[in-house]
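This one's a predicted model, so the numbers in the text were calculated from it and none came from an experiment. Start at 1 with the first residue, then count along the sequence.
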Amino acid sequence: EQVAANVPRLNYDSGDSCPYLLTEAAGTNLITYPISFGNSYWTKSGASIEPDSSTDSGSNLLPDGDFSDPNDWSKETGWSIGSGVASCDGTQTGNTSVKQDPDAWVVGKSYKVTMNVTVTQGEWRITLGGYAVSDFSTESGSVTVYFTNISANNGWFHLTGSSSFIGSVSNIVVKEVQGFEAPKVDTSGDLETEAYKLVEDTSNGEHKISSALTSFTSGNTYTYSVYVKAGERDWFLIDSQNPTNWSARAYFDLNNGTIGAVDFGTASITPLANGWYRCSVTGLSGATASSRIESIIAETDNDKNYTGDGTSGLYLAYAQFEESDYASSLMLPTTEGSTTSRVAD
């Protein structure tokens, strides 16, 4: 339930019919992009982040996505356009782009990009202005990329090649898409469409998304929590990239709503509506250093390495990382890009 500021919150989860007043200490969500899992703040490995692709509609937001008019595009060093194809010849000495200004981005909206890419050498990525919305990739063929726009200042759509990139791109189509239904309710009483699907690729190994490097202080206790719903996969793992820096690792059964193997720290799973759970792990930092927090699709309990099928996954929403021995209520920003704090009740 969402309540306004200065309205007392009553919880009914005490096991009897009597509610109690929920009060909380001051806290800070140290995750700076807790909603937009498609943002480059989150590193994807063996997996991708996708909104609901079935919601794309309307015309291409790029006025000239088929490169029919070279004058519609601005070309940086190494790039040329001809016969409906933009090509990069490798003569650039840094990252350069072919770019166009659709003047159509909306802050907080998700977008789906489809295009044909040929890579002979190097890597490519998509940026809006100077802001990367996808990781560098060597993928060729018919490519789909999803991203969430988080800045009103982003305008130009760039297909950016690395300093060694040689290749081409054609038939770029950009359409707005919605996220999946998330457990938080908006002011009209409807479910928000802010969830994303973590989809495994076909590699053999871990299929995960990792936060940006997070700083820990030795001797302090931290809790990471995230809202998760089963898809084709129903086992989920929260792990630390470096257990010395933050000792926390636990598996969760999203089919039965139970906790599996707990290798480090303590774990909690809280049932919500419509198949959603809030999963959290709490652990002690053993060093003043940085580490990534990993959300991993698991095949079974205590098994995070397997060969993916390229389509299966699970759903994520609302990440929170805080210096605390429990997962407090959500602290979400109005605009992402910085930490979010709450004063003490």
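A distance of 4.5 Å separates OH in Tyr222 from CD in Glu323, rounded to the nearest 0.5 Å. Distance check, rounded to the nearest 0.5 Å: CD of Glu123 to OG of Ser162 gives 5.5 Å. Atom CD of Gln100 is separated from atom CG of Asp69 by 9.5 Å, given to the nearest 0.5 angstrom. To the nearest 0.5 angstrom, Ser170 atom OG is 4.5 Å from Asn116 atom CG. Taking CD1 of Ile296 as the reference point, atom OG of Ser210 lies at 7.0 Å (rounded to 0.5 Å). Atom CD of residue Glu299 and atom CG of residue Asp234 lie 10.5 Å apart, to the nearest 0.5 angstrom.
By the side-chain contact (heavy atoms from CB on, under 4.5 Å) test, Ser338 is found to be paired with no residue, residues two or more places apart in sequence or in another chain being considered. For Glu322, the salt bridge (charged side-chain N to carboxylate O under 4.0 Å, His left out) criterion is met by no residue, not counting sequence neighbours. Remark: Ser110 pairs with Pro51, Thr148, Val177, Tyr196 by the side-chain contact (heavy atoms from CB on, under 4.5 Å) rule, at least two apart or across chains. By the side chain to side chain donor-acceptor pair (under 3.5 Å) test, Glu139 is found to be paired with no residue, residues two or more places apart in sequence or in another chain being considered.
Under a hydrophobic clustering in which Ile, Leu, Val, Met, Phe, Trp and Tyr are joined whenever their side-chain heavy atoms come within less than 4.5 Å, directly or via other members, Phe264 and Leu237 fall into different clusters. In the hydrophobic clustering of ILVMFWY residues, with side-chain heavy atoms under 4.5 Å counting as a link, Leu62 and Leu128 come out together. The hydrophobic clustering, which links ILVMFWY residues whose side-chain heavy atoms are closer than 4.5 Å, places Ile49 and Val228 together. A single hydrophobic cluster is seen to contain both Leu61 and Ile172, as judged by linkage of ILVMFWY side chains at heavy-atom distances under 4.5 Å, directly or through other members. Residue Leu272 is grouped with residue Leu330 when hydrophobic side chains (ILVMFWY) are merged at heavy-atom distances under 4.5 angstrom, including chains of intermediate members.
Looking at heavy atoms from C-beta onward, Asn171 lies out of side-chain contact with Val173 at the 4.5 angstrom threshold. Side-chain contact between Ile81 and Val98 is present, with heavy atoms from C-beta onward closer than 4.5 Å. Within the 4.5 Å cutoff, side-chain heavy atoms of Ser295 are placed close to those of Tyr224. Using a 4.5 Å cut-off on side-chain heavy atoms (C-beta onward), Trp124 and Ser137 make contact. For the pair Ser240 and Ile293, the minimum side-chain heavy-atom distance is 4.5 Å or more. Considering only heavy atoms from C-beta on, Ser329 comes within 4.5 Å of Arg9 through its side chain. With a 4.5 Å cut-off on side-chain heavy atoms, Phe147 and Ser36 do not count as touching. The side-chain heavy atoms of Asp253 and Tyr251, taken from C-beta on, include no pair separated by under 4.5 Å.
A donor-acceptor contact shorter than 3.5 Å links the side chain of Thr223 to the backbone of Ser324. Side-chain atoms of Gln121 do not come within 3.5 Å of backbone N or O of Ile166 as any donor-acceptor pair. Between the side chain of Asp301 and the main chain of Ala261, a donor-acceptor pair closer than 3.5 Å is present. Of the possible donor and acceptor atoms, none in the side chain of Thr217 sits under 3.5 Å from a partner among the backbone N and O of Thr288. Panel note: side chain Ser218, backbone Phe216; no donor-acceptor pair is recorded below 3.5 Å.
A side-chain hydrogen bond (donor to acceptor under 3.5 Å, both in side chains) check over residues 43-54, counting only residues at least two apart or in different chains, returns the pairs Ser48-Glu50, Asp52-Ser54. Pairs engaging residues 271-280 under the side-chain hydrogen bond (donor to acceptor under 3.5 Å, both in side chains) rule: Ser225-Arg278 [sequence neighbours left out].
Salt bridge Glu181/Lys229: absent, no basic N to carboxylate O contact under 4.0 Å. Contact check on Glu176 versus Lys112 returns no salt bridge, with no Lys/Arg side-chain nitrogen under 4.0 Å from an Asp/Glu carboxylate oxygen. Between Asp239 and Lys208 there is no salt bridge, since no side-chain nitrogen of the basic residue lies less than 4.0 Å from a carboxylate oxygen of the acidic one.
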For this session: Start with the C-alpha gap between Tyr306 and Trp235, add the side-chain angles, then the distance that decides, and say whether ring pair (Phe, Tyr, Trp, His ring centres under 6.0 Å) holds.
Result: CA-CA 12 Å; Tyr306 65 95; Trp235 278 95; over 10 Å; no

For this session: Please lay out, stage by stage, how Lys75 and Lys99 fare under the test side chain to side chain contact (heavy atoms under 4.5 Å, CB included).
Result: CA-CA 7 Å; Lys75 302 174 289 294; Lys99 58 186 181 178; over 6 Å; no

Exercise. What's the verdict on salt bridge (charged side-chain N to carboxylate O under 4.0 Å, His left out) for Asp263 and Arg249, showing C-alpha distance, side-chain angles and the deciding distance?
Worked result: CA-CA 5 Å; Asp263 297 326; Arg249 180 191 298 156; 3.5 Å; yes

For this session: Check the pair Asn95 / Arg125 against side chain to side chain contact (heavy atoms under 4.5 Å, CB included), numbers first and verdict last.
Result: CA-CA 10 Å; Asn95 298 343; Arg125 72 181 177 190; 4.3 Å; yes

Problem set entry | Verdict with reasoning, Leu332 to Tyr318, per side chain to side chain contact (heavy atoms under 4.5 Å, CB included) | CA-CA 8 Å; Leu332 295 177; Tyr318 310 135; 3.7 Å; yes

Problem set entry | CA sep, side-chain torsions, deciding dist, call: Ser163, Thr93, side chain to side chain contact (heavy atoms under 4.5 Å, CB included) | CA-CA 5 Å; Ser163 59; Thr93 58; over 6 Å; no

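For the residue pair Ser168/Ser87, the side-chain donor-acceptor check at 3.5 Å is not satisfied. In summary, the side chains of Ser328 and Arg342 do present a donor paired with an acceptor at a separation below 3.5 Å, with no hydrogens or angles considered. Using a 3.5 Å distance cut-off with no hydrogens or angles, the side chains of Thr258 and Asn256 do not pair a donor with an acceptor.
Counting all heavy atoms, side chain and backbone alike, Ala317 lies closest to Val226 at O-CG2, 3.6 Å. For the residue pair Val145 and Ser134, the shortest heavy atom distance occurs at CG1-CB, 3.8 Å. The minimum heavy-atom distance between Val169 and Phe67, with the atom names listed, is O-CE1, 3.7 Å. For the pair Leu159 and Ile126, the tightest heavy-atom approach, listed with the atom from each and the gap, is CD2-CG1, 4.1 Å. Of all heavy-atom pairs between Thr32 and Tyr41, the closest is OG1-CE1, 3.1 Å. Here the closest heavy-atom approach between residue Glu200 and residue Ile297 is recorded as N-CD1, 3.9 Å.
Atom NZ of Lys109 is surrounded by 12 or fewer heavy atoms from other residues, nucleotides or ligands within 6.0 Å.
Checking Thr300, Leu198, Asp309 one by one against Arg233, the side chain to side chain contact (heavy atoms under 4.5 Å, CB included) holds for a single residue, Asp309.
Taking the six-membered ring where the residue is Trp, Trp246 and Phe321 present perpendicular rings, their angle passing 60° and hence far from 30°. Using a 30° and 60° split on the angle between ring planes, Phe236 and Phe252 fall in the tilted class, from 30° to 60°. Ring geometry for Phe37 against Trp42 counts as tilted: the plane angle lies between 30° and 60°, on a 0 to 90° scale.
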